[in-house]
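All of these numbers come straight from a predicted model, not from anything done at the bench. We name chains A, B, ... by the order of the sequence lines, and we start the count at 1 in each one.
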Amino acid sequence: MSFRLYNTLSGEVEEVRPSAPPEVRMYACGPTVYNRAHIGNFRTFVATDVLRRALTYCGFRVREVMNLTDVDDRIIKLAAEAGQEIGPFTAAHIAAFEADMKALRMERPEIVPKATEHIAEMVELIGKLIARGHTYVADGSVYFRIGSFPDYGKLARLDVSGMKAGARVDTDKYEKEDARDFVLWKLKADEPAWAQWDAPFGKGRPGWHIECSAMGMKYLGDTLDLHAGGVDLIFPHHENEIAQSQCGTGHPFVRHWMHVEHLLVNEETMSKSKGNFFTLPDLVEAGHSPEAVRYLLAQAHYRKQLNFSFEGLDQAKAALERIHGAVRRLGEVETAGPASAAALEAGERAETAFAAALRDDLNAPEAIAAVHGLVTDANQLLAGGALNAAGAGALRERFERMDRVFGVLLPAGEDRLEADLQALFDARQEARRARDFRRADEVRADLERRGIVLEDTPRGTRWRRS
RNA sequence: GGCGGCGUAGCCAAGUGGUCAAGGCGGAGGUCUGCAAAACCUCUAUUCACCGGUUCGACUCCGGUCGCCGCCUCCA
């Protein structure tokens, strides 16, 4: 059950070694629910989804926590402007996020906690840090003193000593002893009462970093097996998580750190501040399927930047159709008899390569290549009439197994033509029977304009949406 | 400035110190088809940014050059 993955902490590809195998306790930094997540955000989420599926496929049992950050500056500000409190304001964004997750065929993590429902855990952790002398108070806010944690900067390989107090523009108005320090508990007197909670050290609300530590440890224990997130979170977010967690518990926080590279647009990072982003609904509205988007995101290697383009999306769609076509045709074979050795061997070969690729630092491109290899083999066997129902079934099962990781390899279920289109379809069949090919071609062209592509096969005419 | 990464065919993209450098998309020709489509067959990088070095041998290791990206600040 070997599974190797790059560990940001060591800078090397390492064996994933959960503390209580076969369970892998993993944490993924989820979204801040103040607007619609864009597909750059989803690149990371899809990559961690592929990881959890790949781990499961390889025999591990995954227990994943993905948080929903539902309290922060932006949320409070936007909610207040909308005249709402946090719950009602974030509910719509959470629903949108979950809809996108579903459309992108993401498995739901076992635990999806909200920050606002874990204030008590955060307060408790901050209390421990206070007791152990890692904090100080300024203007009513509680800060973590970086100087009290010698390993600070290890994950990001940053020479923190170069970060001088006051060296950067401090967007908060708090007075810190050192610019490197970060806030654990914020007191903002000008914020609404619904954004403040009671704590032994005063009214206020949690800083951003503390939620991941508190919720991660609550559900997964002091030491998490795996922690995933976008590369932009390495510093300072994950660095801060490590500092506050380890100083709070005295135990290592995370064994294995996994970071997903950014999605770019025109070679630039896709970000809300740059305005160069697309949401899933944007792409769907432009006529692209969520499945193609997932395929595009999932087939890329997670440690390489991926440049988003519509051409790439089209290529993804074409590749996906090739896979779907082969799987669909496999389901149409009806001849009896035992599965042939050729079919069995092709399936075995493909899945062996597929599994090996995933175990080797989640090499999705190579795993997908194995899928396509099986498509080629299946097509050849199919074209040569060398497949009976048993052989075709064996190959189909391989696709089903591989689809447990990618989630979009199997063609969509039964889809019915709308009544008017069905009438055209029937009319063409009638014309063909009458050998009125002119009429048949006209109808086919008409259907094509309406997004329906026809294929005449020995087993009858098949249609699919373009 | 510091740290990390990348540069492989028209496009996307794996990979290895040593047979012909995965896979997909696109393209060309052919088979099949009433015609198409789909599928199948064949072809589509003597070469892996550039320059040196190590080696019997490098695209893969080392050094340098150029170009690009990310992080060092809220951000997946």
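- Closest approach of A:Cys212 and A:Phe253 over heavy atoms only: O-CZ, 4.4 Å.
- One donor-acceptor pair, N or O on each side, does fall under 3.5 Å between the base of B:C11 and the side chain of A:Gln315.
- Across the P atoms, B:A76 and B:G17 are found 37 Å apart, a figure rounded to whole Å.
- At a threshold of 4.0 angstrom between heavy atoms, the contacts of A:Glu455 include nucleobase atoms, whether or not backbone atoms are also involved.
- Using a 4.0 Å heavy-atom distance criterion, A:Arg36 is classed as making no nucleic acid contact.
- A straight line from OH of A:Tyr295 to C1' of B:A13 spans 10 Å, rounded to a whole angstrom.
- Side-chain to base pairing of A:Arg444 with B:A36: one donor and one acceptor N or O lie within less than 3.5 Å of each other.
- Map A:Ala319 and A:Phe42 each onto its nearest nucleotide of RNA chain B; the residue landing nearer the 5' end is A:Ala319.
- Comparing B:C11 with B:U16, their P atoms are spaced 24 Å from each other, to the whole Å.
- Candidate nucleotides B:A39, B:G15, B:G23 were compared by shortest atom distance to the side chain of A:Glu366, and B:G15 ranks first.
- Note on A:Leu233: only backbone sugar-phosphate atoms sit closer than 4.0 angstrom, heavy atoms only; bases stay farther off.
- For A:Arg322 and A:Asn379, the side-chain atoms include no donor-acceptor pair closer than 3.5 Å.
- Which of B:A38, B:G34, B:A39 sits closest to the side chain of A:Phe437 comes down to B:G34.
- Residue-level contact check: A:His262 touches the bases, meaning some heavy atom is under 4.0 Å from a base atom.
- Rounded to whole Å, the separation between the P atoms of B:C59 and B:U8 comes to 16 Å.
- Closest to the side chain of A:Ala440, from the set B:G24, B:C72, B:G34, is B:G34.
- Side-chain N/O atoms of A:Asp456 and base N/O atoms of B:C35 include a donor-acceptor pair closer than 3.5 Å.
- The partner of B:U19 cannot be assigned: no Watson-Crick or G-U wobble pair with both contacts below 3.5 Å exists in any strand.
- Rounded to an integer number of Å, the gap from A:Arg359 CZ to B:A14 P is 21 Å.
- Distances shorter than 4.0 Å separate none of the side-chain N or O atoms of A:Lys304 from OP1 or OP2 on B:G70.
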Does the salt bridge (Lys or Arg N to Asp or Glu O under 4.0 Å) test come out yes or no for A:Arg449 and A:Asp446, once each step is laid out? CA-CA 5 Å; A:Arg449 278 192 294 277; A:Asp446 190 21; 3.6 Å; yes
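- Residue A:Arg303 is classed as having no contact, given no heavy-atom separation below 4.0 Å to the nucleic acid.
- Between atom CD of residue A:Gln315 and atom CG of residue A:Leu313 there is a gap of 10.0 Å, rounded to the nearest 0.5 Å.
- The same atom, C1', is picked in B:C62 and in B:U54; the two are 7 Å apart, to the nearest Å.
- Between the side chain of A:Asp441 and the base of B:G34, at least one donor-acceptor pair of N or O atoms lies under 3.5 Å.
- Protein atom CH2 of A:Trp257 is 17 Å distant from nucleotide atom C1' of B:G4, rounded to whole Å.
- The distance from atom NE2 of A:His238 to atom P of B:G4 is 19 Å, rounded to the nearest whole Å.
- Here A:Gly229 lies in heavy-atom contact (under 4.0 Å) with sugar-phosphate atoms only.
- Using a 4.0 Å heavy-atom criterion, one finds that A:His259 contacts no nucleic acid atom at all.
- Across all strands shown, A:Leu263 has heavy atoms under 4.0 Å from base atoms, whether or not it also approaches the sugar-phosphate.
- With hydrogens and angles disregarded, no donor-acceptor distance shorter than 3.5 Å links the side chain of A:Asn67 to the backbone of A:Ala115.
- With B:G34, B:C74, B:A38 as the choices, the nucleotide that has an atom nearest any side-chain atom of A:Arg435 turns out to be B:G34.
- As a whole-Å value, the separation of A:Asn363 CG from B:G23 P is 15 Å.
- Formation of a donor-acceptor pair under 3.5 Å by the A:Asp225 side chain with backbone atoms of A:Arg25 is found in this model.
- Closest contact between the side chain of A:Arg157 and the listed nucleotides B:U73, B:C3, B:A38 involves B:C3.
- Rounded to whole Å, atom C1' of B:G26 lies 16 Å from atom CG of A:Leu313.
- A 3.5 Å limit on both hydrogen-bonding distances identifies no Watson-Crick or G-U partner for B:C48.
- Comparing B:G27 with B:G10, their C1' atoms are spaced 9 Å from each other, to the whole Å.
- One P atom belongs to B:G67, the other to B:U73, and the distance between them is 26 Å to the nearest Å.
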Go through the steps for A:Leu330 and A:Leu387 under the test side-chain contact (heavy atoms from CB on, under 4.5 Å), then give the verdict. CA-CA 9 Å; A:Leu330 284 173; A:Leu387 232 39; 3.6 Å; yes
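- Whole-Å rounding puts the A:Leu374 CG to B:G23 C1' distance at 13 Å.
- Shown here, B:G67 forms a base pair with B:C6; the pair counts as Watson-Crick or G-U wobble because both key distances fall under 3.5 Å.
- Base pairing analysis places B:A39 opposite B:U31; the two distances defining the Watson-Crick or G-U wobble pair are each below 3.5 Å.
- Between B:A13 and B:U47, the two P atoms lie 23 Å apart (nearest whole Å).
- The listed nucleotides are B:A13, B:A76, B:G24; the one nearest the side chain of A:Arg322 is B:G24.
- Note on A:Ala369: a base of the nucleic acid sits closer than 4.0 angstrom, heavy atoms only.
- Taking atom C1' on both nucleotides, B:C61 is separated from B:G1 by 29 Å, rounded to a whole Å.
- With A:Tyr152 as the aromatic partner, A:Arg180 does not meet the cation-pi criteria of under 6.0 angstrom to the ring centre and within 45 degrees of the ring axis.
- With both pairing distances under 3.5 Å, B:A58 is matched to nothing as a Watson-Crick or G-U wobble pair.
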Apply salt bridge (Lys or Arg N to Asp or Glu O under 4.0 Å) to residues A:Arg398 and A:Glu348 and explain how you reach the verdict. CA-CA 8 Å; A:Arg398 296 292 181 172; A:Glu348 177 72 36; 3.3 Å; yes
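- In this structure, A:Met106 places its CE atom 14 Å from P of B:A76, rounding to the nearest Å.
- Nearest nucleotide to the side chain of A:Leu264, out of B:C11, B:C35, B:C69: B:C69.
- With a cut-off of 3.5 Å on both Watson-Crick or G-U wobble distances, the partner of B:A14 is given as none.
- Comparing B:U73, B:A13, B:C11 by their nearest atom to the side chain of A:Phe235 picks out B:U73.
- A donor atom on one side chain and an acceptor atom on the other are not found under 3.5 Å apart for A:His324 and A:Glu321.
- Between the side chain of A:Arg432 and the base of B:G34, a donor-acceptor pair under 3.5 Å is found.
- If you check distances only, the side chain of A:Gln305 never reaches the base of B:G70 with a donor-acceptor pair under 3.5 Å.
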